[in-house]
K.L.:
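One structure is given below, represented as structure tokens, and several questions about it will come after.
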Amino acid sequence: MSRWISILWLAFLFSIPLWMIDLYVLHILINTGIFVIAAMSLNLLLGYTGQLSLGHVAFFGIGAYVSALVSLGFDLELTDTYTFVFDAKPVWIAFLSGIIAAGLFGWLIGRVAFKVRGAYFVIVTISFAEVVRLVSLNWIDLTEGPMALNNIQPFTLGIPNLWEMTLYQKIPNYYLVLVVAIVCYILIRRLVHSRIGRAMIGLRENEPLATSVGVNVTHYLVIATVISAAMAGAAGGLYTHYFRIIDPDIFLFIYTVTMVIMVVSGGKGTLAGPIVGGIIFGLLPEILREFAAPEMQWIIYGIAMILIVFFLPDGIVPALKNWWKNHRSKRTDSAEMDAGT
Amino acid sequence: NETIKIGVSQPLTGAVAASGNYVTQGAQIAESFINDAGGVLGKKIELVIEDNKSNPKEAVATAEKLIIRDKVSVMMGAWSSTYTLAVMPKLMEYGVPMVVETSSSGKITTSGNPWIFRISPTSQMEAKSFGTKVDQFKIKKADFIVVNNDWGRGASEAFQEVLKAKGISVGTVETMDAKATDLSAQLAKIKSSGGDTLFVTSGVEQITLVLKQMKEQRLNHQVITTGGSSSPDQLISQAGAAAEGSNHLLFFAPWFPESAPNPSVATKFVNEWNKRGHNFAGLTEGFRGHDGIMTIAAGIKAAGKNDSKAIQQALWDVKVKGVNGNIEFIKQGPAGKESAQNVPNVYVVTIKDGKIALP
Amino acid sequence: MKTVKSDMSEVLLNVENIAISFGGLVAISDLSFNVYKGEIVSLIGPNGAGKTTAFNIITGFLKPNSGSITYRDKSLTGLAAHQVAKYGVVRTFQKTSVFDGNTVIENIMMGLHLNGRCKVWEVLLGLPRVSIENTRLEERALEILDLVGLSNRASDMASDLAYGELRLLEVAIALAAEPALLLLDEPASGMNPSETASFMKTVSKIRDEGTTILLVEHDMRMVMGISDRVVVLNQGEIIASGTPKEIQNNPKVIHAYLGYGDEDA
Amino acid sequence: MAEFLQHILNAIVLGGTYALLGIGLTLIFGIMKVVNFTHGELYSFGAYMIFMFSAMLGLNFFLAIILSMVLGVLLGGIIEFALLRPLRGANIDTTMLVMIGAWIVMQNLEQLSWGGVAKSINHPFPLDPLVIGEVSVSWIRVFVFFFAVILIIGSYYLINNTKLGKSMRATFQDRDIAALMGVNINRVYTATFALGSGLAATAGALLGPVFVVTPTMGDMAALKAFAIVILGGLGSIAGATIGGFILALAEEMGAGYISSGYRDAMGFILIILVLIFRPTGLFALKERYG
Amino acid sequence: MLEIEGLNCYYGKIEAVRNLSLKVEKGQLVTLIGANGAGKSTTLKSISGILPASSGRILFEGEDITKASARTILDLGIAHCPEGRRVFPYMSVQENLDMGCFRRSDPKQIESDLEGIFDRFPILKERRLQMAGTLSGGEQQMLAIGRALMSRPKFVLFDEPSLGLAPNLVKTTFDIISEIRDQDVTVLLVEQNAYAALALCDHAYLLESGEVTLQGTGEELKGNDYVREAYLGG
Ligand SMILES: Nc1ncnc2c1ncn2[C@@H]1O[C@H](COP(=O)(O)OP(=O)(O)OP(=O)(O)O)[C@@H](O)[C@H]1O
Ligand SMILES: Nc1ncnc2c1ncn2[C@@H]1O[C@H](COP(=O)(O)OP(=O)(O)OP(=O)(O)O)[C@@H](O)[C@H]1O
Ligand SMILES: [Mg+2]
Ligand SMILES: [Mg+2]
């Protein structure tokens with residue numbers, strides 16, 4: 001039953017470009033998809049290990065910058081006489097490098113998380129993101145600072161020397177984002193339904209107890225942050241090669257906030273939560289754009305958030321699940337009664 | 001009775017919202033001027049204004065929307081160089097020309113994007129033009145404090161070059177985050193450098209802070225602001241006595257519209273601006289929106305049809321009497337893919353006895 | 001120290017001269033004792049004597065200022081709590097402590113952490129052995145619930161349980177970690193005499209299945225009814241140890257701990 | 001040397017207001033456990049209020065400060081009543097989300113009502129600075145500093161030595177039990193939030209005339225306030241005070257001697273370091289296992 | 001003095017107390033026994049006002065307190081020593097005790113009450129300045145008892161006061177309870193230590209699955225076969 005629902009969903013998602021002729025809608029979907037991936041990655045940390053990373057955008061941005069730099073090539077004057085020259089690499093290598101780099105930083109933050117939890121973890125991540133932002137802003141030799149890295153190559157798919165396709169167009173980009181999102185979803189689902197996921201949840205619920213039954217806290221926090229960071233990095237790579245510009249504003253706090261909104265409103269610690277939240281809060285600004293003045297768009301956005309929390313405090317997905325459960329149990333109740341008479 | 005749509009991408013919210021709104025107001029004035037005069041090609045023009053939220057990603061989103069959804073064949077935008085640079089690949093992708101009204105980064109016209117038509121000066125142009133007036137300031141050693149973005153850094157490089165060429169030495173160069181309010185650390189450092197003149201490049205808010213905090217720390221440098229958007233009126237009202245004696249490079253001096261190259265155009269614009277009750281201080285920014293839309297309208301008229309490619313071709317030959325001066329384009333950038341650049345006028349004003357004066 | 005049952009010759013846990021203080025407060029001044037394989041030892045003593053603190057030290061939650069802990073010839077001193085658990089030394093907490101936001105069966109599944117073997121990459125690749133292992137763990141979890149008598153609440157949320165059930169769940173979680181040595185910190189507090197009696201049977205069953213038990217408990221019926229040996233701690237020092245009978249009649253213990261005239265015992 | 005002394009003086013003066021922001025937040029975030037994203041908005045609210053009273057309506061400057069404080073307290077109370085009270089007992093993420101929403105709404109309302117143009121406020125203090133040897137500081141900053149110090153001492157006393165302070169701490173440690181002790185829970189919630197908000201608004205009202213007032217001025221302020229609270233240890237007034245001064249010193253020295261581009265980074269690097277070596281901040285509360 | 005009629009309490013959808021009625025006369029010591037999850041604590045919580053009853057009536061000295069706030073109920077003279085210690089972890093022992101007399105303003109009396117509690121539990125005096133959260137379990141329990149008494153109640157709800165206490169202190173605790181009863185303070189006691197509770201009480205109720213299934217004097221219940229079997233361990 002639920003398998004059929006997922007297949008239907010997939011078929012729907014894959015079919016969109018076939019009938020959706022408005023390219024602008026595809027653009028919005030691509031953009032939303034990228035943020036859905038980022039939100040899913042955040043959910044792994046926030047929803048499953050209970051560690052709120054308010055600097056998640058740092059991983060996203062690191063993935064984006066590394067991917068951009070590797071695909072563009074760069075040179076660094078290390079000393080007066082020695083300049084380190086890095087040649088441009090194919091985009092898919094760049095994309096992987098971005099993921100790996102983000103994962104490495106995830107490892108670093110995960111190690112720090114060994115020491116700090118809760119609010120302290122929050123602030124370490126915020127600080128980390130701010131430091132990374134300031135580095136990207138000030139290390140002009142490498143990142144061009146506020147002048148931004150421009151003319152980044154679009155994604156290229158292909159077999160070297162045989163066949164190659166550069167994704168300038170919306171449709172292939174859409175499929176690319178969709179595939180990456182599905183892969184991330186599957187990985188996260190496998191993870192949380194395993195003993196590794198349970199260890200993470202255990203940490204969230206009761207850390208001393210989890211430790212007492214043999215869960216190595218550091219180990220699992222590091223695993224969670226590495227995987228989460230790598231996925232955020234992948235989202236960043238997609239972003240870079242789709243928008244083809246990257247500047248220090250990518251590290252803005254508001255992006256992390258957006259991800260948090262997506263996760264929590266959708267339902268943290270649920271697999272579908274970040275997707276639902278991501279779609280709603282990814283599309284909302286675009287829908288509002290048509291109707292309201294800029295400030296009003298934001299105000300409506302904020303009010304929508306407040307209302308969601310007021311009426312669905314655990315998020316949309318758990319609320320729907322509950323509703324479905326009650327609905328079903330009511331139905332079976334009445335069915336039983338029917339049978340009885 | 002169909003209209004000709006012109007896309008406008010400006011920062012209407014976020015960090016630089018104030019400026020974006022002024023430019024938009026100027027553009028709307030131009031829109032009504034044109035439509036009152038019967039529009040172009042027998043149709044009225046209609047501005048489709050999108051908010052790029054002071055953010056490059058959103059700037060891309062506005063371009064996507066304007067081009068694919070609203071089907072505009074020409075755009076104006078996107079204020080900051082970063083936003084403009086972000087939009088540029090989209091212009092190539094869809095083949096749509098854009099008039100750039102504010103951005104100052106050299107990169108915009110040198111990167112080989114033939115869809116760019118810039119009416120604002122680059123920092124180099126501004127600096128070069130300042131070079132012709134530099135002697136009157138009697139500078140021996142100059143310090144810089146600039147906002148940490150393409151604009152500030154670009155200006156500091158360009159002006160340093162011009163000053164060095166004149167044999168003037170450069171002391172401390174400090175940057176400040178666009179949102180920073182406490183600049184005392186930078187100023188303490190500048191104080192110990194021993195220069196006599198301080199070049200300031202930033203938004204008017206930060207210039208206000210620089211002026212006030214200089215006074216607090218007893219910094220007696222002569223101040224020259226660059227970038228053209230410093231709205232001396234606002235400085236006078238907000239920094240008070242601290243603004244006294246400061247000099248400002250502008251691209252339009254709304255106090256003296258009659259001394260502009262096209263006095264009637266400038267006067268008409270200033271009058272309309274005031275009539276609409278817009279903030280007078282915004283005029284130093286708002287005129288760009290006007291000039292940009294006027295240029296686009298001229299381009300459409302010359303093209304004879306509302307078609308991107310045709311407009312791009314036609315823009316090369318337009319001559320527009322703008323508020324800043326006469327607008328016409330020269331070629332910049334790699335051969336075969338040149339961008340268009342106008343050479344604007346630069347003015348210097350001084351604040352004397354709480355009033356704006358020509359030096 | 002005198003051994004009580006000669007057949008219990010294998011020392012499982014050896015605590016030697018541990019001491020700890022918090023700020024100026026000496027919580028344990030000098031504590032040494034042995035636990036032999038297969039026995040149930042009770043550690044009793046007045047409130048604040050340092051029993052929970054001793055548990056914290058043995059299981060790696062606190063580092064002692066001095067002294068050593070040896071488990072089957074391996075030193076536990078200075079190991080982290082999760083490492084201690086790996087050796088098979090598992091504790092429960094005095095303050096009720098379960099995974100609140102999860103169902104009872106999920107609680108046990110989390111307790112079964114060490115029972116699983118699958119690596120991260122195996123999980124990410126979705127190898128078949130992952131789901132085989134999951135099924136196995138689930139079966140094991142149900143067995144454990146059966147043992148403590150919570151099967152009927154398997155799918156209820158832990159936060160919905162009453163106090164006494166929570167205490168059982170805690171023991172079940174600890175059991176899931178397959179302890180060779182189980183440290184129970186006041187497991188029967190909050191149970192009424194009947195519940196305590198049936199709980200004692202559960203504990204004996206656990207012991208009979210090969211788990212050695214170190215018990216902290218203030219319920220003297222339980223302590224006296226189940227222990228092979230009792231160690232009495234007072235102000236961070238051992239003041240007596242011996243069979244329940246000996247302890248019950250030890251004047252020092254009566255004075256410091258039992259109080260005069262313990263009518264029900 | 002003069003430069004060095006000037007940096008130190010700047011840091012001390014700045015630290016006072018950082019501390020004010022920090023203790024306001026430590027009440028709400030550290031004690032109430034509400035991740036308060038509106039803190040920065042109350043800061044800018046205070047600044048706009050003094051702009052309105054002093055620059056627009058022409059009231060006495062000091063009266064304007066007092067009025068801004070009072071309105072800040074009121075607004076805080078209203079936010080608590082309208083947004084947090086209905087969510088009593090909800091978890092920390094839920095309330096955080098509401099506060100994010102409120103933040104976005106408030107900031108854009110400000111933008112709508114005041115426009116994006118920065119406002120500047122005149123003050124009655126002489127423009128010429130107070131000169132001490134080779135260094136100087138403006139009179140308004142001296143005033144701000146002493147005003148802040150008085151408020152800090154007052155808050156410290158309130159939390160640690162008054163019945164209200166005690167009932168605040170009790171309430172946020174165990175709400176039900178505090179109610180059993182006879183504490184009026186709702187009143188304590190509202191009072192705490194209002195007080196914290198009032199301190200933020202006061203910081204804004206004090207700094208508005210020193211700097212300029214913009215709708216987004218609160219964002220960085222809030223971020224720094226969070227940093228200060230964590231640096232000092234959650235819920236510790238003394239910690240937040242010292243944290244505020246340390247942050248100011250780190251920033252000032254970093255900007256002065258390393259690079260002004262990294263000015264804001266200094267504080268954050270400091271925080272990461274502090275937390276690596278002292279994971280619960282400088283003034284942490286003890287916990288125990290078992 | 002206290003009268004409950006048809007009380008129903010819910011946690012979300014879970015019904016914890018069903019149609020419960022009981023009566024406590026002035027000066028009496030009444031005890032409530034029952035298995036885990038029977039609803040004993042829930043009953044106490046709804047009397048003291050931290051868990052609103054969904055229906056039914058609670059009268060205290062003739063006054064309806066069903067909907068009253070915890071604060072009002074405290075002011076009427078009811079104190080509640082809750083299950084599971086629940087001390088304020090980040091406040092010192094002294095501050096916790098101060099919270100106990102939050103509504104009182106008779107410093108002299110408070111001082112002497114404080115001394116009384118310190119006499120009973122000398123360890124608390126020793127640990128006056130220690131953070132309550134770092135106390136041992138039993139020490140916290142003593143603190144919770146002391147704190148409840150600090151309000152000088154005329155009616156006390158004790159929820160498993162002997163939990164986690166060493167035998168000698170269990171005795172002390174029961175001594176305290178019978179002593180305050182002698183001072184005309186009414187007590188409603190929930191205890192797992194059913195022997196002691198039944199021995200001490202004037203009247204007892206047996207609670208099962210949220211309902212009263214049996215009541216009588218302590219002796220009567222002690223003598224009841226079912227009670228012996230199910231609650232006294234045979
Ligand atoms: N983290 C800590 N900080 C300060 N004091 C502590 C800390 N942990 C324990 N103590 C003190 O150490 C002593 C021993 O505490 P412990 O919890 O081991 O006692 P216990 O024997 O388990 O008592 P109980 O039977 O009441 O649970 C107590 O007096 C307690 O107050
Ligand atoms: N906070 C809560 N949320 C949901 N359900 C609860 C909660 N507290 C208690 N319950 C449920 O209400 C019922 C009655 O619980 P209560 O705590 O009143 O029992 P009790 O008689 O005091 O038991 P014990 O002797 O274990 O303390 C139990 O079934 C329990 O599962
Ligand atoms: Mg203990
Ligand atoms: Mg109970």
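Below, read A as the first sequence line, B as the second, and so on, with proteins coming before strands; counting in each chain starts at 1. Side chains included, hydrogens not; waters and symmetry mates left out as well; all remaining heavy atoms used.
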K.L.:
Tell me which of these, D:Gly256, D:Ala255, D:Pro215, D:Gly254, has more heavy-atom pairs under 4.5 Å with chain B than the rest.
P.N.:
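Heavy-atom pair counts peak at D:Gly256.
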
K.L.:
For chain D, find which of B:Gln186, B:Glu205, B:Gln213 contributes the most heavy-atom pairs closer than 4.5 angstrom.
P.N.:
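Counting heavy-atom pairs under 4.5 Å, the top option is B:Glu205.
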
K.L.:
Count the heavy-atom pairs under 4.5 Å between each of D:Met220, D:Glu251, D:His7, D:Gln111 and chain B, then report the option with the highest count.
P.N.:
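Of the candidates given, the most pairs with chain B belong to D:His7.
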
K.L.:
At a heavy-atom distance under 4.5 Å, which candidate from B:Gly240, B:Ala188, B:Ala17 has the highest pair count against chain D?
P.N.:
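That would be B:Ala188.
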
K.L.:
Count the heavy atoms of every other residue, nucleotide or ligand shown that sit under 6.0 Å from CH2 of D:Trp114, and state whether that count exceeds 12.
P.N.:
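Yes - once you tally the heavy atoms of other residues, nucleotides and ligands closer than 6.0 Å, there are more than 12.
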
K.L.:
Can you name the residues of residues 8-17 of chain D that have some heavy atom under 4.5 Å away from a heavy atom in chain B?
P.N.:
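Within residues 8-17 of chain D, near chain B: D:Asn10, D:Leu14.
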
K.L.:
What residue, out of B:Thr208, B:Thr13, B:Asp182, B:Leu12, has the most heavy-atom pairs lying under 4.5 Å from chain D?
P.N.:
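Option with the top pair count is B:Asp182.
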
K.L.:
Step by step, would you call D:Tyr257 with B:Lys189 a side-chain contact (heavy atoms from CB on, under 4.5 Å)?
P.N.:
CA-CA 8 Å; D:Tyr257 295 105; B:Lys189 220 164 142 185; over 6 Å; no

K.L.:
Tell me, for B:Lys212 versus chain D, whether the close heavy atoms (under 4.5 Å) come from the side chain, the backbone, both or neither.
P.N.:
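The side chain, not the backbone.
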
K.L.:
Using a 4.5 Å cut-off on heavy atoms from C-beta on, say whether the side chain of D:Glu3 contacts that of B:Lys191.
P.N.:
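Sidechains of D:Glu3 and B:Lys191: no contact.
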
K.L.:
Can you tell which part of B:Glu174 gets under 4.5 Å to a heavy atom of chain D, answering side chain, backbone, both or neither?
P.N.:
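Its backbone and side chain both get close to chain D.
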
K.L.:
Using non-hydrogen atoms and a 4.5 Å limit, figure out which bit of B:Thr175 sits close to chain D: side chain, backbone, both or neither.
P.N.:
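The answer is both parts of B:Thr175.
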
K.L.:
Going by heavy atoms in the side chains, are D:Pro129 and B:Lys215 under 4.5 Å from each other?
P.N.:
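Side-chain contact under 4.5 Å: no.
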
K.L.:
Answer yes or no: is there a donor N or O on one side and an acceptor on the other, between the side chain of D:Ser136 and the main chain of B:Glu216, under 3.5 Å?
P.N.:
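It does hold such a pair.
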
K.L.:
Enumerate the residue pairs fulfilling ring-ring contact (aromatic ring centres under 6.0 Å, His included) with a member in residues 178-207 of chain B, sequence neighbours excluded, ordered by first and then second residue.
P.N.:
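Sorted pair list: B:Phe130-B:Phe199, B:Phe144-B:Phe199, B:Phe159-B:Phe199.
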
K.L.:
Is D:Val131 in contact with chain B via its backbone, its side chain, both, or neither, using a 4.5 Å heavy-atom distance?
P.N.:
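For D:Val131, the contact with chain B is made by the side chain alone.
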
K.L.:
Just so I know, are the side chains of D:Ile121 and B:Gln238 near enough to count as touching, which here means a heavy-atom distance under 4.5 Å?
P.N.:
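No, too far: nothing below the 4.5 Å cut-off.
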
K.L.:
Could you tell me which portion of D:Pro126 (side chain, backbone, both or neither) has an atom closer than 4.5 angstrom to a non-hydrogen atom of chain B?
P.N.:
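No part of D:Pro126 comes within 4.5 Å of chain B.
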
K.L.:
Near B:Gln222 CD, under 6.0 Å, is it more than 12 heavy atoms from other residues, nucleotides or ligands?
P.N.:
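Yes - once you tally the heavy atoms of other residues, nucleotides and ligands closer than 6.0 Å, there are more than 12.
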
K.L.:
Just checking heavy atoms, which of residues 198-207 of chain D are less than 4.5 Å from chain B?
P.N.:
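Within residues 198-207 of chain D, no residue comes under 4.5 Å from chain B.
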
K.L.:
Is B:Gln206 in contact with chain D via its backbone, its side chain, both, or neither, using a 4.5 Å heavy-atom distance?
P.N.:
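For B:Gln206, no heavy atom lies under 4.5 Å from chain D.
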
K.L.:
How long is the straight-line distance from OG of B:Ser192 back to CD of D:Gln6, given to the nearest 0.5 Å?
P.N.:
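If we round to the nearest 0.5 Å, D:Gln6:CD and B:Ser192:OG are 10.5 Å apart.
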
K.L.:
Considering non-hydrogen atoms only, spot the tightest contact between B:Arg218 and D:Glu134 and give its length.
P.N.:
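Minimum heavy-atom separation between B:Arg218 and D:Glu134: NH2-O, 3.3 Å.
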
K.L.:
So with a 6.0 Å cut-off around CZ of D:Phe62, is the heavy-atom count from everything else above 12?
P.N.:
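Buried by this count: over 12 neighbours within 6.0 Å.
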
K.L.:
Count the heavy atoms belonging to other residues, nucleotides or ligands that lie under 6.0 Å from CZ of D:Phe4, then report whether that count exceeds 12.
P.N.:
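Check fails, neighbour count at 12 or below.
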
K.L.:
Please round to the nearest 0.5 Å and tell me the distance separating atom CG of B:Leu209 and atom CZ of D:Phe211.
P.N.:
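It comes to 7.5 Å.
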
K.L.:
Out of B:Ala185, B:Ala18, B:Ala239, which one racks up the most heavy-atom pairs below 4.5 Å with chain D?
P.N.:
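With the most close heavy-atom pairs to chain D, the winner is B:Ala185.
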
K.L.:
What pairs with B:Asp196 under side chain to side chain contact (heavy atoms under 4.5 Å, CB included), at least two apart in sequence or on another chain?
P.N.:
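Counting only residues at least two positions away or on another chain, B:Asp196 forms a side chain to side chain contact (heavy atoms under 4.5 Å, CB included) with B:Ile139, B:Lys140.
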
K.L.:
Looking at B:Ala241 and D:Leu127, what are the two nearest heavy atoms and their distance?
P.N.:
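Heavy atoms only, the tightest pair is CB-CD2, 3.8 Å.
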
